[in-house]
Chemist: 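There's a structure below that I have some questions on.
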Amino acid sequence: MGEQYPSRSEFRKQRSKGESKFKKLAIRTGIALFIFFFLFVGVLAVVGIAYVKDAPPLNPEQLVAPQSSTIYDMNNKKVLDIAGEEYRKTISLDQVPERVQNAFLAVEDARFWSHQGIDIKRIGGALVENVKEGFGAEGGSTITQQLVKLSYLSSEKTVERKIQEMYLALKLERKYSKEEILELYLNKVYFGEGTYGIATASEVFFSKSVEELTISEAALLAGLPQRPSAYNPIEYPELAEKRRDTVLSLMEKHGFISAKEKKEAQLTSVKDLLKKQKKQTKYQSFIDHVIEELKEKGIHEKAIYTEGLKIYTTLDPKAQEFTEKVLMTDEHIDYPDEQFRASVALLDTETGEIRALGGRRNMEEDEIERGFNYATQLKRQPGSTAKPIMAYGPAIEKLNWTPNQMIKDEPIELNGKVFRNWNNKYHGNVTMKTALQWSYNIPAIKTMQAVGSDEVKDFAGKLGIELDEVYPAYAIGGFKDGVSPLQLAGAFAAFGNEGVYNQPHAVRKIVYLDGRERKLQPESVKAMSERTAYLITDMLKAVVTQGTGQLANIPGLPLAGKTGTNQLPDGIYGSGAADAWFVGYTTRYTASVWIGYDKITQETYVKSNDTRIARLIFKEIMAHVSEGKETPDFKRPSSVRTIPDPPPEKELDDKEEDKSDKGKKEEDKKKKDNDKDSERKKEEKDDNQKKDHDENKGKKDKEKPEKPKPEKPKDEEPPKEDPEPEKPDDNDDD
């Protein structure tokens with residue numbers, strides 16, 4: 001029989017049952033989704049209500065004044081607000097030209113005049129614009145929301161903060177007019193360079209009033225608030241120009257300017273627009289570094305200037321003031337000219353805390369150099385100050401050498417380069433201590449070779465000097481990229497701190513408005529043994545008391561230090577150096593001093609007599625900060641009982657020549673013995689002849705008393721192979 005198929009009526013019944021089941025399932029699913037959505041909305045509402053309940057009140061005073069962050073010194077005493085009133089000028093909205101207002105509205109909130117504090121359409125539109133124009137073209141927050149955030153909330157990107165921001169924006173719109181909100185925003189927003197408000201920014205960046213701003217200048221300023229540090233036109237003119245052009249495109253899009261006006265405004269480069277005024281801030285070099293250090297720790301510059309942080313620093317105000325006085329005036333040092341540069345980094349030896357920074361020698365700097373911190377940003381070759389770090393420290397640590405290790409100072413050529421000493425003399429076999437004391441180059445290079453580049457790089461890295469490669473010239477400071485005075489101070493402080501390295505730092509902790517604390521001190525690192533630190537220190541004490549650093553010595557103060565200079569570049573002729581350094585330390589303080597010029601020319605280089613200025617600056621500052629304070633001598637560890645006698649004379653990296661010398665010495669000894677034997681035989685022969693002569697004399701002669709035989713003269717001591725080196729003139733380079 002064939003297959004049985006359901007009749008039409010049966011098929012309809014079955015289909016009706018299926019549809020009924022589907023409808024029931026759909027209804028149940030719909031009910032479940034509705035309940036889930038209701039619960040979800042309910043949960044959001046509960047959470048939202050909780051967040052809103054915790055929202056801060058709309059305090060009118062906070063709307064007007066930014067929340068300045070406060071700097072505290074090492075004693076927790078207030079130093080200053082880093083956004084002082086002198087950098088905050090307010091202006092009424094009717095003093096702001098419409099073209100300037102429109103620049104901000106175009107990039108920040110084009111529908112400002114029509115929304116009620118929150119722009120739902122803008123949130124979606126911002127996503128599209130960011131894809132089309134690039135990240136940062138537009139943001140989702142309205143100007144009202146941004147004013148709320150600047151005045152009452154932190155910059156943390158959390159759901160709680162966003163809900164509170166939207167709630168307070170709606171509330172603010174009901175309390176203030178649109179004109180009032182826009183005026184408050186333009187006077188409060190941060191533009192970078194420690195500058196708040198459109199009026200102040202106009203003066204700082206362009207040296208003109210707001211009424212005088214061109215469309216191009218207005219667009220440049222309007223583009224800064226989103227990322228004031230990244231778009232800083234002084235530091236990053238190309239990025240700032242790209243950002244300005246984006247703002248101009250948005251102004252055209254929203255009908256605020258024509259295509260012709262946009263094109264004309266884009267023709268002027270940002271560099272040509274800027275006429276930046278110099279800000280005068282107390283302790284400027286130190287404060288600049290505090291801000292940079294906080295940014296390195298992930299704290300946004302806008303937060304630093306607007307969120308009312310309490311910043312507890314390591315600043316010693318008295319030391320900072322004296323350091324600035326030494327560098328800025330001729331009261332203590334007679335500087336050769338106004339182009340002569342100098343910088344100082346003063347640390348606490350034990351903790352690595354920065355007590356003072358002398359970032360520049362005079363404040364009358366041209367536009368290119370303005371704001372440059374020579375103590376922290378300068379990168380110059382360290383000269384002979386590198387020797388304890390790149391040669392002798394590693395040799396003591398890795399090879400267990402002592403200060404009496406013998407090294408032959410002789411001509412050396414490596415990879416086609418001939419290395420010489422600063423005095424163009426060679427001194428034969430010298431101890432490591434003597435080589436460091438008089439800053440000879442050849443022994444330092446040979447010592448580095450004996451240790452090995454990998455070990456040297458590891459040793460320097462633990463002292464905060466990270467190097468990709470190490471070459472022989474690095475032993476005498478011939479670095480590829482150079483180091484800063486602050487880096488050198490940190491490295492030398494470890495020698496004075498029993499081998500413990502602390503990264504130099506200016507900030508101890510920050511405290512947020514809500515009371516949260518964040519500690520920022522770096523971890524200590526055991527960079528070397530106490531033995532290595534002490535032996536290097538012992539040798540560097542001799543540098544100051546008997547060697548090249550005597551001009552930096554302070555009677556009665558236990559002090560160690562090292563001089564350093566860099567030779568003049570090719571084509572520059574004269575007696576002097578490209579740079580001069582002195583780095584020294586006590587158990588309390590470490591100071592690194594650099595002097596030189598921005599550009600080395602035939603007219604601008606450190607003359608021989610001026611190289612001493614680095615030592616004089618060090619002496620002035622170290623004597624001042626140590627006055628009236630007990631400074632213990634460096635503690636000798638138990639691992640250093642006595643300094644052993646010098647080992648047998650030998651040369652490094654030249655074993656075959658050692659063997660040849662040994663054979664030659666044996667031949668000389670045999671020859672000397674043979675000469676003595678011949679002399680003895682000659683004397684015996686002479687005695688016999690004398691005896692025969694006496695026997696032939698008369699009786700009268702025999703009664704005479706015999707004359708005493710003269711004693712044989714002792715052999716003279718051979719001359720030393722390492723004679724005491726001549727003391728160099730005080731202005732000689734090393």
Chemist: Fit a plane to each ring of Phe191 and Phe104, take the angle between them on a 0 to 90° scale, and name the class: parallel (under 30°), tilted (30 to 60°) or perpendicular (over 60°).
Modeler: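 Because their plane-to-plane angle is over 60°, the rings of Phe191 and Phe104 count as perpendicular.
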
Chemist: Just by distance, no angles: are the side chains of Gln95 and Ser92 close enough, under 3.5 Å, to form a donor-acceptor pair?
Modeler: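 Judged by distance alone, the side chains do pair up.
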
Chemist: For side chain to side chain donor-acceptor pair (under 3.5 Å), just list the numbers for Thr70 and Asp81, CA-CA rounded to whole Å, side-chain angles, deciding distance to a tenth of an Å, and then say yes or no.
Modeler: CA-CA 4 Å; Thr70 303; Asp81 292 322; 2.8 Å; yes

Chemist: Of all the heavy-atom pairs spanning Tyr501 and Gly464, show the shortest one and how long it is.
Modeler: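 The pair with the smallest heavy-atom distance is OH-CA, 3.5 Å.
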
Chemist: How about Ser177 and Glu180: does a side-chain donor come under 3.5 Å of a side-chain acceptor?
Modeler: yes

Chemist: Scan Ile304, Val507, Ile291, Ile311 and name whichever one has a side-chain contact (heavy atoms from CB on, under 4.5 Å) with Ile299.
Modeler: Ile304

Chemist: Looking just at side-chain N and O atoms, do Ser285 and Asp288 make a donor-acceptor pair shorter than 3.5 Å?
Modeler: no

Chemist: Please check if atom NZ in Lys480 has more than 12 non-hydrogen atoms from other residues, nucleotides or ligands closer than 6.0 Å.
Modeler: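 Atom NZ in Lys480 is not packed in, count stays at 12 or less.
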
Chemist: Find the distance between CG (Leu184) and CG (Leu172) and round it off to the nearest 0.5 Å.
Modeler: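 Answer rounded to 0.5 Å: 8.0 Å.
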
Chemist: Is a donor on one side and an acceptor on the other found under 3.5 Å between the side chain of Glu203 and the backbone of Thr200?
Modeler: no

Chemist: Any chance CG of Asp468 has more than 12 other-residue heavy atoms, nucleotides or ligands included, within less than 6.0 Å?
Modeler: no

Chemist: Go through the steps for Glu353 and Arg355 under the test salt bridge (charged side-chain N to carboxylate O under 4.0 Å, His left out), then give the verdict.
Modeler: CA-CA 6 Å; Glu353 294 183 346; Arg355 295 295 180 228; 2.9 Å; yes

Chemist: Hey, are Thr604 and Thr601 close enough side-chain-wise for a donor-acceptor pair under 3.5 Å?
Modeler: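 Side chains of Thr601 and Thr604: pair found under 3.5 Å.
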
Chemist: Identify the heavy atoms of Pro317 and Asp73 that sit nearest to each other, and give their distance.
Modeler: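 Pro317 and Asp73 have their closest heavy atoms at CG-OD2, 3.4 Å.
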
Chemist: Determine whether the side chains of Tyr512 and Glu517 contain a donor N or O and an acceptor N or O closer than 3.5 Å.
Modeler: no

Chemist: Can a salt bridge be assigned to the pair Lys175 and Glu173 using a cut-off of 4.0 Å between side-chain N and carboxylate O?
Modeler: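 No, Lys175 and Glu173 are not salt-bridged.
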
Chemist: Just by distance, no angles: are the side chains of Glu212 and Ser209 close enough, under 3.5 Å, to form a donor-acceptor pair?
Modeler: yes

Chemist: Could you pull out the closest heavy-atom pair between Trp581 and Val483, with the gap in Å?
Modeler: CH2-O, 3.8 Å

Chemist: Tell me which one of Asp245, Val107, Asn102 satisfies side-chain contact (heavy atoms from CB on, under 4.5 Å) with Leu250.
Modeler: Val107

Chemist: Fit a plane to each ring of Trp594 and Tyr374, take the angle between them on a 0 to 90° scale, and name the class: parallel (under 30°), tilted (30 to 60°) or perpendicular (over 60°).
Modeler: parallel

Chemist: How about CD on Glu98, more than 12 heavy atoms from neighbouring residues, nucleotides or ligands closer than 6.0 Å, or not?
Modeler: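 No, the 6.0 Å shell around CD holds no more than 12 heavy atoms from other groups.
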
Chemist: Regarding Lys178 and the six-membered ring of Phe112, is the cationic atom NZ or CZ under 6.0 Å from the ring centre and inside 45° of its axis?
Modeler: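 Ring-cation test returns yes.
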
Chemist: Any side-chain donor paired with an acceptor under 3.5 Å for Ser524 and Asn502?
Modeler: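 Distance-only check passes for Ser524 and Asn502.
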
Chemist: Atom NZ of residue position Lys271 - does it have more than 12 heavy atoms of other residues, nucleotides or ligands inside 6.0 Å?
Modeler: no

Chemist: Do Lys295 and Ser229 have side-chain N/O donor and acceptor atoms under 3.5 Å apart?
Modeler: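 Yes, a side-chain donor-acceptor pair sits under 3.5 Å.
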
Chemist: Just to verify, which of Lys208, Arg99, Arg244 counts as forming a side-chain hydrogen bond (donor to acceptor under 3.5 Å, both in side chains) with Glu217?
Modeler: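 It is Lys208, the one option of Lys208, Arg99, Arg244 that forms the side-chain hydrogen bond (donor to acceptor under 3.5 Å, both in side chains) with Glu217.
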
Chemist: Between Asn76 and Arg508, does the side-chain contact (heavy atoms from CB on, under 4.5 Å) criterion hold? Intermediate values first, please.
Modeler: CA-CA 10 Å; Asn76 299 332; Arg508 293 177 288 139; 2.7 Å; yes

Chemist: Might you point out which heavy atoms bring Ala219 and Leu248 nearest each other, and give the distance in Å?
Modeler: CB-CD2, 3.6 Å

Chemist: Can you check salt bridge (charged side-chain N to carboxylate O under 4.0 Å, His left out) on Asp481 and Lys379, steps first, answer last?
Modeler: CA-CA 7 Å; Asp481 298 320; Lys379 296 290 184 182; over 6 Å; no

Chemist: Might you confirm whether atom NZ of Lys310 has over 12 heavy atoms from other residues, nucleotides or ligands at distances under 6.0 Å?
Modeler: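 Count not over threshold, so no.
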
Chemist: For the pair Gln145 (side chain) and Ala169 (backbone), establish whether a donor and an acceptor sit closer than 3.5 Å, ignoring hydrogens and angles.
Modeler: no

Chemist: Are Glu321 and Tyr283 linked by a side-chain donor-acceptor pair shorter than 3.5 Å?
Modeler: yes

Chemist: Is there a side-chain contact between Thr376 and Ser484 in this structure, where contact means two heavy atoms from C-beta onward sitting under 4.5 Å apart?
Modeler: no

Chemist: Determine whether the side chains of Asn232 and Glu193 contain a donor N or O and an acceptor N or O closer than 3.5 Å.
Modeler: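 Short answer, yes.
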
Chemist: Which atoms form the tightest heavy-atom contact between Val583 and Ser592, and what is the distance?
Modeler: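 In this case the closest contact between Val583 and Ser592 is CG2-OG, 3.7 Å.
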
Chemist: Does either side chain, that of Ser141 or that of Gln146, offer a donor lying less than 3.5 Å from an acceptor on the other one?
Modeler: no

Chemist: Is Ile389 close to Phe492 at the side-chain level, that is, under 4.5 Å between some pair of heavy atoms?
Modeler: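 Yes; the side chains approach each other to less than 4.5 Å.
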
Chemist: Work out which heavy atom in Val270 is nearest to a heavy atom in Ala240; give both atom names and the distance.
Modeler: CG2-C, 4.2 Å

Chemist: Okay, side chain of His289, backbone of Ile287: is any donor-acceptor separation there less than 3.5 Å?
Modeler: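 Looks like no, no N/O pair under 3.5 Å.
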
Chemist: Run Phe372 and Arg360 through side-chain contact (heavy atoms from CB on, under 4.5 Å) and show every step you take.
Modeler: CA-CA 8 Å; Phe372 186 79; Arg360 54 185 68 91; 5.6 Å; no

Chemist: Any chance the rings of Tyr236 and Tyr231 have centres within less than 6.0 Å?
Modeler: no

Chemist: Determine whether the side chains of His115 and Asp109 contain a donor N or O and an acceptor N or O closer than 3.5 Å.
Modeler: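 Looking only at side-chain atoms, Asp109 and His115 do form a donor-acceptor pair, the distance falling under 3.5 Å.
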
Chemist: Please check if the number of heavy atoms outside Glu211 that lie under 6.0 Å from its CD is greater than 12.
Modeler: yes

Chemist: Centre of Phe206's six-membered ring, under 6.0 Å away, within 45 degrees of the axis: is that where NZ or CZ of Lys275 sits?
Modeler: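 Lys275 over Phe206 ring: no.
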
